[in-house]
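Computed from a predicted model, the values in this text were never measured in an experiment. Proteins get letters first, then strands, A, B, ... in listed order; numbering begins at 1 in each.
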Number of protein chains: 2
Amino acid sequence: MRIGFIGLGIMGTHMVRHLIRAGHQVMVWNRTASKATALEAEGVVVARSPRTLGTMVEVVITCVTDTSDVEEVLFGAQGVAECGTNGLVVVDMSTISAGATRTMAARFKERGIDMLDAPVSGGELGAKNASLSIMVGGKREVLERVRPILAVLGKSIVYVGEHGAGQTVKACNQILCAVTLVGVCEAIALARRAGVDPQKMLEVTRQGAGGSWTLDHLGPKILAGDLSPAFMVMLMQKDLGLVVELADEVDATIPGTMLAQSLMAQLVSMGLERFGTQALVKAFEE
Amino acid sequence: MRIGFIGLGIMGTHMVRHLIRAGHQVMVWNRTASKATALEAEGVVVARSPRTLGTMVEVVITCVTDTSDVEEVLFGAQGVAECGTNGLVVVDMSTISAGATRTMAARFKERGIDMLDAPVSGGELGAKNASLSIMVGGKREVLERVRPILAVLGKSIVYVGEHGAGQTVKACNQILCAVTLVGVCEAIALARRAGVDPQKMLEVTRQGAGGSWTLDHLGPKILAGDLSPAFMVMLMQKDLGLVVELADEVDATIPGTMLAQSLMAQLVSMGLERFGTQALVKAFEE
């Protein structure tokens, strides 16, 4: 298929490579043009604008940072919506507002363009290994049309409901990640302060009821002092802002998430925004 | 071996049965005598007091509720310490204070009795399946002497350090369990309020970075409305009190744990203390 890809960050670049290897014709656009031209040698075509890209392909995938970025590339002056192509499918894999997603999906519908929200979990490693979990909101039949493309990028593709439902489930996912991480960092910090080998603590707790992906994957990095980003503090901070916004809309109580958010804010104030989320342990080492 | 077992609660009863099946001679004592006599048909001998039991066996295992219960059966008027037996090993598998554990180990040492703290993770299911994770503090060579006994009860037996270290690691384990549970309940409550199928949310998030033992094991119970106890709210509340006490001693910051504690207190005030910890979701459904 002819696929347009917008957003060549850490995740997007890996994803484009998988699409090329799977035999798709890939056209890209990126705000920082140099990242796009760097991929030309690998066989992608660089579009002049999101609008141009929209006229050339059957499916547009967006994987950018925030709600305003998605709105700009889709509905800006040179946005995809201006391409005038009926039958196009837009798959937004960014993590953005569920409410804004519903609004954009409605605007696209008037133009005969179908939209899916399809945010992912799994971070850079998941993008690299094509093992992402993809949570999809929108029309089920539209998902079935693009499922072969998503299957190139992830191992688990779950239809979760109407437009915006993918973003709502992603919000739940970020609650799980952030709050679990608070527990992992508290446990490691307590073990250290109490003079117990945190390695031993990890070894025994990960096999029991305290076990989690976070403990397995970020625990050893914390013990090794490796704060390099698989997922950056500033992105988690942005995502938790979306969670708080959504919780506010539906009147949900999220004290654990708000605690995680305030600890992440503390990391930002410590200048750690570009480190991995496991830097949260620093908030407990004062 | 001749093993004495004190504390025939949900956990203890399963554990005694495993010891009998493994061919050990088991003598028991329990504060509520009827629970002990109920096991006589299965081949245990019921002791008249912890002291008597101490005189008859090579190893005493205690599995009772709180620090004061352990102190009473070990150092009370009819306590194990009164048995006058050199060479006895006392293995305390309760979850109690690390500080009190160190004090008791020192008192036993004066009498030629070795003590280990060996709290467990895995709940009733772990006791029933003999798949407990056991975190052991004390002298390493004493652990090696009783390891064959512990191997009958658990699948993972990890030496974590000096006297009290087992309890410290157990405190870390309870932090992980309690804080992760806060995230799981918040995520499920948000999905419900936002009108997304929580079953779909669970299905996709458990495969990604948000996954945990708690999400896998307690998530489905919460969705099914099953609040029956694998581990009771009142016991978690007691354990979190121990965590807070320890954190205070070593000057550690545990805001996530304190949040979990206050939510558990809310459950107690709602009359839910004998339900499973997954009842925490009720704190988010007001």
Check: A:Glu186 side chain, B:Gly256 main-chain N or O, donor-acceptor pair, under 3.5 Å: yes

By a 4.5 Å heavy-atom criterion (distance strictly below it), what part of B:Lys155 contacts chain A: side chain, backbone, both, or neither? side chain

So do A:Val160 and B:Asp197 actually touch side chain to side chain, heavy atoms under 4.5 Å? no

Quick one: what part of B:Ala191 sits under 4.5 Å from any heavy atom of chain A, side chain, backbone, both or neither? both

Please output the residues of residues 221-239 of chain B in contact with chain A, using a heavy-atom cutoff of under 4.5 Å, in numerical order. none

Indicate the atoms forming the closest heavy-atom contact of B:Leu176 with A:Met201, along with that distance. CD1-SD, 4.5 Å

Cut-off 4.5 Å, heavy atoms of chain A, and the answer for B:Ile254 is both

Whatever's closer than 4.5 Å to a heavy atom in chain A on B:Ser121 counts as side chain

Portion of B:Val196 that has a non-hydrogen atom of chain A nearer than 4.5 angstrom: side chain

For B:Ala118, give me all partners under side-chain contact (heavy atoms from CB on, under 4.5 Å), at least two apart in sequence or on another chain. B:Val91, B:Met93, B:Ile134, B:Val136

Do you know which of B:Ala187, B:Gly211, B:Gly123, B:Ala165 has the most heavy-atom pairs with chain A at a distance under 4.5 angstrom? B:Ala187

Can you give me the closest heavy-atom contact between A:Ser156 and B:Gln207, atom names plus distance? OG-NE2, 3.3 Å

